[in-house]
Amino acid sequence: MNIAVLASGSGTNLQVLIEQLHEDKATDINISVVISDRKQAYALIRAKQAGIPTQIVSVKNYNNRIEFDAEIARHIECYSAELIVLAGFMKLFQPPFVRKYHNRIINIHPSLLPAFPGATAVADTLAKGVKVTGVTVHYVDEGVDTGPIIAQTSIPVYDTDDEESLHKRIQIEEHKLYPKVIKWYAQGKIKVEERKVITDSSETL
Ligand code: GAR
């Protein structure tokens, strides 16, 4: 199965997907393209080091977000990607793109959704003083981090945590969860019934 990975930043999740999926021939999962909206994203270097094609699609080069999305869709078709994997991709898609790829876009988010959606989840978590947070992998719908939840892992928030220490512990869990969920998807083990996602997997999280 070909997947497209979209990343805006450092790409530590991408790195794990390269090592545990793309380079493990037993998985039959191939990252056919890495797309970024930021030309300085370190994720692009990680992709190049692994010999994976890269594409940069910058918002500023398009008249509007529909055209931006359309260019991303063009690359997805060109590289025959069946699944779109958002790994720290910090742009929202417009409804036509989300409808075109219904239940074919997944995202990883650094909180237990529906708590703390948006771009500042870890800071918002600390500001609210919650004692448990975690990681969510979900389908992307037309809202901000509102799509059907596929899998979650929880972690404690410590009194001594700052944004950096908490995000670091969250990322350790992200790196375990994302490859597992993508493998389930490739094996046809994820079923969606309205908002409810059933993962037909004997593997525990
Ligand atoms: C990840 O922690 C991911 O959960 C977060 O961006 C980080 C990207 O890290 N995504 C969001 O906040 C989406 N709202 P990475 O570039 O090292 O994979």
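All values derive from a computational prediction rather than experimental measurement. In listed order, ligands and their atoms are each counted from 1. What you see below is based on every heavy atom in this structure, not just the backbone, and it leaves out hydrogens, waters and symmetry mates.
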The atoms of ligand 1 lying under 4.0 Å from a heavy atom of H167, numbered in the order shown, are 1 (C), 2 (O)
Looking only at protein heavy atoms, what sits closest to atom 3 (C) of ligand 1 is E174 OE2, 3.4 Å
With sequence neighbours left out, the residues meeting ring-ring contact (aromatic ring centres under 6.0 Å, His included) with Y178 are none
closest protein heavy atom to atom 10 (N) of ligand 1 is I108 O, 3.7 Å
For this session: Answer yes when K100 and D69 have at least one side-chain N-carboxylate O distance shorter than 4.0 Å, and no when they do not.
Result: no
- Query: Take atom CD in E164; do more than 12 heavy atoms of anything else shown fall under 6.0 Å from it?
  - Reply: no
*asked:* Between ligand 1 and A121, can you find any atom pair, the residue atom being a heavy atom, that is separated by under 4.0 Å?
replied: no
NZ/NE/NH1/NH2 to OD/OE distance under 4.0 Å, K168 and D162 = no
Atom 17 (O) of ligand 1 sits nearest the protein heavy atom T12 OG1, 2.6 Å
Answer yes or no: are there more than 12 heavy-atom neighbours, outside E193 itself, under 6.0 Å from its atom CD? no
Looking at K25, I want to see if its NZ is surrounded by more than 12 non-hydrogen atoms of other residues, nucleotides or ligands under 6.0 Å.
yes
Looking only at side-chain N and O atoms, does N2 offer a donor or acceptor that is under 3.5 Å from a partner on S80? no
If you scan protein heavy atoms around atom 14 (N) of ligand 1, the nearest is H109 ND1, 3.3 Å
Would you tabulate the side-chain donor-acceptor contacts of residues 122-129 under 3.5 Å, counting partners in other chains and residues two or more places apart, or write 'none'?
from : atom 1 : to   : atom 2 : distance (Å)
D124 : OD1    : T120 : OG1    : 3.3
D124 : OD2    : T120 : OG1    : 3.0
T125 : OG1    : A121 : O      : 2.7

Original post:
Based purely on interatomic distance, does N107 place a nitrogen or oxygen under 3.5 Å from a nitrogen or oxygen of ligand 1?
Top reply: no
Atom 11 (C) of ligand 1: closest protein heavy atom, distance to 0.1 Å, is P110 CD, 3.6 Å
Residues I170 and G134: closest non-hydrogen pair is CG2-O, 4.0 Å
Atom 6 (O) of ligand 1: closest protein heavy atom, distance to 0.1 Å, is G88 CA, 3.7 Å
If you scan protein heavy atoms around atom 7 (C) of ligand 1, the nearest is Q171 NE2, 3.8 Å
Query raised in the report: At the 4.0 Å heavy-atom cut-off, does Q15 count as touching ligand 1?
Result: no
Taking only non-hydrogen atoms of M90 and a 4.0 Å limit, the atoms of ligand 1 in range are 11 (C), 12 (O), 13 (C)
min-distance protein heavy atom vs atom 16 (O) of ligand 1 -> G11 N, 2.7 Å
| request: Report yes if A119 has an N/O atom closer than 3.5 Å to an N/O atom of ligand 1; otherwise report no. | output: no
Practice item. Evaluate side-chain hydrogen bond (donor to acceptor under 3.5 Å, both in side chains) for R46 paired with Q15, printing each intermediate quantity in order. Key: CA-CA 7 Å; R46 295 181 193 274; Q15 187 65 43; 3.3 Å; yes
*Is G118 near ligand 1, meaning one of its heavy atoms is under 4.0 Å from it?*
yes
